[in-house]
Amino acid sequence: MRELLARLDGWQGEQIEFLGRLVNHDSGTDDVLDVNRVGAILAERLASLGFTVSRVAQEHFGDHLVAEKPGRGPRRFLFVGHFDTVFPSGTVKERPFHVAGGRAYGPGVYDMKGGLTALLYALRAHRETRSRAWDDVSIAIVFNSDEERLSPTSRAVIETQARRAHSVGILEPARPGGEYVMARKGAGVFRLEVTGKSSHAGLQPELGASAIWDLAQKVAELHTLTSSDTGTTVNVGVIRGGTRPNVIADRAAADIDLRVWTTEEAARATARMREICERVRVPGTAGRFTGAIQFPPWPPGDPGTARLLEIMQATGRDLGVEVKAIATGGGSDGNHTSQLAPTIDGLGPQGSRAHSEEEFIELATLLERTKMIAGFLERWAAEFEVPRG
Ligand SMILES: [Zn+2]
């Protein structure tokens with residue numbers, strides 16, 4: 001173990017340079033050519049580590065990468081990370097990778113090119129020291145290109161791999177306090193569309209049926225479903241409707257975000273939302289409610305996750321790092337994998353301000369998290385009990 005970790009100290013400068021190279025290539029989800037360029041850098045790295053890399057070709061997104069390396073033992077571990085960002089082509093030109101005051105900045109440095117870099121160097125240390133994990137464990141990696149659009153095309157790829165794996169590590173960044181992630185709320189996007197009847201607001205108001213007035217009352221009621229007791233949140237984030245002040249609106253629509261901790265709560269809250277949206281408040285209008293939960297809940301207290309956290313905590317003791325974990329309302333591909341295999345999330349470096357111009361990582365935690373991944377994998381190879389059969 002000591003040799004494994006010492007190897008990483010020697011690569012610190014090179015590792016930061018590699019992170020800079022990843023960050024300095026834009027890879028906004030919708031810019032397919034950009035995304036594929038970053039995919040090519042990652043594929044080349046994985047191949048040089050001895051992985052068999054296949055590209056899962058996509059039409060509207062960059063190609064996903066699936067990499068595999070067989071091990072001699074029965075254990076199989078899956079790592080998942082996305083290499084798309086929320087920043088469009090040209091962002092790097094405006095604010096390229098740079099380091100200041102112990103922090104590294106640049107588009108996607110925290111979410112999540114830092115996590116990808118940490119994994120690649122952790123695996124390199126395993127390979128070069130011929131660690132137990134490297135010999136024994138079959139390692140699979142999915143690097144997906146569409147996570148910032150909620151993984152519409154990679155979800156099935158990830159699920160196929162998660163089904164075969166005994167545990168999954170998600171390379172999303174650590175929370176701002178350095179915490180790992182052990183639970184995530186389920187999330188769904190819903191839409192309410194109200195149709196009414198237009199009429200002159202001054203001449204013949206009685207002939208109209210205002211879709212806006214109906215929608216407004218429903219929006220107010222939808223927001224009362226948010227509860228600090230259950231942790232359920234309902235947020236109407238977008239409303240549209242009407243044409244002019246002097247026309248009674250015949251159309252209005254709302255986009256609604258729902259977050260829940262459990263599957264039962266998802267069903268209950270969705271049923272309540274439907275009831276609210278379909279009940280007529282303004283005579284002559286009709287409401288249509290559509291949508292579904294896209295990210296299933298990964299509730300707190302998952303025993304598989306708890307086991308992985310124990311192994312991470314033991315790794316932290318090896319390294320003198322305090323391991324904390326939290327539950328969060330934000331979704332990730334961990335929501336999907338946790339349904340199929342024990343999952344731990346937030347393996348990437350510590351930082352903050354994801355999806356903003358101020359995004360950064362605490363640079364020292366790049367090496368620290370790389371060591372944590374490397375040490376965790378070695379302990380997992382020795383300690384994780386693989387179910388029989
Ligand atoms: Zn992310």
Side-chain angles (χ1 to χ4, degrees), residues 19 22-23 25-31 34-35 38-39 41-42 58 61-62 64-65 78-88 91-92 97 104-120 141-155 157-159 161-162 168-187 189 257 259 294-298 325-338 343-362 365-366 369-370 372-373:
L19 172 60
L22 281 187
V23 171
H25 285 77
D26 283 316
S27 56
T29 317
D30 301 327
D31 305 319
D34 284 354
V35 175
V38 173
I41 297 172
L42 295 169
Q58 297 303 315
F61 296 104
H64 311 306
L65 302 177
L78 169 65
F79 289 100
V80 178
H82 66 86
F83 57 99
D84 61 322
T85 74
V86 297
F87 302 105
T91 308
V92 165
F97 179 81
Y105 297 83
V109 69
Y110 175 58
D111 183 13
M112 54 182 281
K113 291 175 174 177
L116 303 178
T117 303
L119 174 69
L120 291 172
I141 299 170
V142 176
F143 284 163
N144 55 331
S145 66
D146 61 353
E147 197 271 350
E148 299 292 3
R149 294 272 181 227
L150 307 181
S151 306
T153 65
S154 61
R155 178 175 175 174
V157 178
I158 291 166
E159 286 177 340
Q161 291 298 327
V168 182
I170 307 283
L171 300 162
E172 288 287 343
R175 298 293 89 200
E179 300 93 347
Y180 289 87
V181 175
M182 59 176 175
R184 290 182 182 273
K185 284 183 187 176
V189 175
D257 180 284
R259 310 265 163 164
Q294 281 105 9
F295 281 54
W298 171 15
I326 56 168
T328 167
S332 86
D333 289 317
N335 287 68
H336 302 304
T337 63
S338 64
T343 297
I344 185 167
D345 198 344
L347 300 184
Q350 184 177 339
S352 189
R353 306 291 291 120
H355 296 195
S356 86
E357 286 183 19
E358 290 99 57
E359 177 184 15
F360 68 88
I361 61 166
E362 303 289 357
T365 67
L366 176 63
R369 288 283 171 153
T370 304
M372 288 294 287
I373 293 171

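Atoms within each ligand, like the ligands themselves, are counted from 1 in listed order. Note that the structure is a prediction, hence the values are computed from the model and not measured.
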Is there a donor-acceptor contact under 3.5 Å from the side chain of [X] to the main chain of [Y]?
X	Y	answer
H64	S145	yes
K185	R259	no
Y110	H355	no

Inset, instruction - Could you go through the side chain to side chain contact (heavy atoms under 4.5 Å, CB included) check for T328 and E179 one step at a time? - result: CA-CA 10 Å; T328 167; E179 300 93 347; over 6 Å; no
Legend entry - Worked check of side chain to side chain contact (heavy atoms under 4.5 Å, CB included) between T85 and V23: CA-CA 10 Å; T85 74; V23 171; over 6 Å; no
Legend entry - Identified side-chain hydrogen bond (donor to acceptor under 3.5 Å, both in side chains) partner of S332 from the options R184, E147, E172: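 Result: among R184, E147, E172, R184 is the only option passing the side-chain hydrogen bond (donor to acceptor under 3.5 Å, both in side chains) with S332.
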Inset, instruction - At a cut-off of 2.8 Å, list the protein N/O/S atoms near the Zn ion (ligand 1), residue plus atom name. - result: H82 NE2, D111 OD1, E172 OE1, E172 OE2
